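Inspection log for the structure reproduced underneath, given as structure tokens.
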Amino acid sequence: LVLALAAWTSVRFPWLHDVAAAERPPTFRWLAPTEPDGADVYDEAQAQTLRTRYPSLQPVRLSSRPERTFGHAVVAAGGLPGWHLEHMSQRERRFEGTTRTRLGFESQIVVTVRPEKTGSVLEVRSRSNIATGDFGENARTIQRFLKLLGQTWMCKPPADFAAKRG
């Protein structure tokens with residue numbers, strides 16, 4: 001029974017403890033262990049596993065100005081139970097924080113917003129402090145954040161947000 005459960009779990013949830021909705025996953029600057037800017041977070045095999053297992057986790061491209069997108073990201077993070085923003089830079093449009101998963105593990109979150117020709121791109125990453133599989137918790141953390149981010153546009157989010165989140 002234990003072997004069957006382990007086999008089912010490994011098929012259902014990849015053995016990942018670090019997940020991102022990003023083209024180039026943001027690095028952690030303030031929360032240990034820190035990483036240098038521009039560091040490759042995943043090797044090619046890990047990146048392929050993420051793309052295969054979590055195809056819906058994509059960076060969010062919006063037509064809004066980066067400052068506005070960042071403001072909505074901060075509001076969304078503040079609205080999630082158990083999220084604690086530890087460090088924030090409005091100038092760099094990034095924040096890092098922690099949350100506790102439903103399994104009781106602590107995860108770290110980094111959110112960045114960068115300008116793009118047509119607006120802004122929001123990227124988010126969540127990693128567990130325990131370097132083993134997280135049973136999909138980090139992916140769910142990102143999905144909850146992105147869902148609430150869409151709800152922070154009280155009247156109507158930019159049309160491209162709804163289309164991207166489908």
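Values reported hereafter were calculated over all heavy atoms of this structure, with side chains retained and with hydrogens, waters and symmetry mates removed. On a predicted model such as this, the values are computed, not experimentally measured, just so you know.
Residues meeting the ring-ring contact (aromatic ring centres under 6.0 Å, His included) test with H84, sequence neighbours left out: none. Looking at residues two or more places apart in sequence or on another chain, you find a side-chain contact (heavy atoms from CB on, under 4.5 Å) between R24 and D40.
Across all their heavy atoms, T27 and P36 have their closest contact at CG2-O, 3.4 Å.
Q48 places no side-chain N or O within donor-acceptor distance of the main-chain N or O of A45, the cut-off being under 3.5 Å. A donor-acceptor pair under 3.5 Å is absent between the side-chain atoms of E96 and the main chain of V110, judged by distance alone. Q108 contributes a side-chain N or O that, together with a main-chain N or O of A32, makes up a donor-acceptor pair within less than 3.5 Å. Within the 3.5 Å criterion, the main-chain N or O of R94 finds no donor-acceptor partner in the side chain of S89.
Atoms CG and CD, from L31 and E106 in turn, are 8.5 Å apart once rounded to the nearest 0.5 Å. Atom OG1 of T69 sits about 8.5 Å away from atom CD of E67, to the nearest 0.5 Å. How far CZ of R100 is from CZ of F105: 10.0 Å, rounded to the nearest 0.5 Å.
Side-chain atoms of R114 and P26, non-hydrogen and from C-beta on, never get closer than 4.5 Å to each other. Residues R61 and T118 are not in side-chain contact: their nearest non-hydrogen atoms beyond the backbone lie 4.5 Å or more apart. Inter-residue side-chain proximity for M88 and F70 is flagged as met; some heavy-atom pair is nearer than 4.5 Å. Side-chain atoms of R125 and N138, non-hydrogen and from C-beta on, never get closer than 4.5 Å to each other. Residues V111 and L122 have side chains in contact (heavy-atom distance under 4.5 Å, counting atoms from C-beta outward). A heavy-atom distance below 4.5 Å is not found between the side chains of R68 and S120. Counting heavy atoms from C-beta outward, L50 and L57 have side chains that stay 4.5 Å or more apart.
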Full working for side chain to side chain contact (heavy atoms under 4.5 Å, CB included) between S56 and Q143: CA-CA 9 Å; S56 66; Q143 289 163 341; 3.7 Å; yes

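A salt bridge links R51 with E44: the closest approach of a Lys/Arg side-chain nitrogen to an acidic carboxylate oxygen falls below 4.0 angstrom.
Only one option out of T99, V19, L80 pairs with T141 in a side chain to side chain contact (heavy atoms under 4.5 Å, CB included); it is T99.
F145 and W83 have parallel rings, their planes meeting at less than 30° on a 0 to 90° scale where 60° marks the start of perpendicular.
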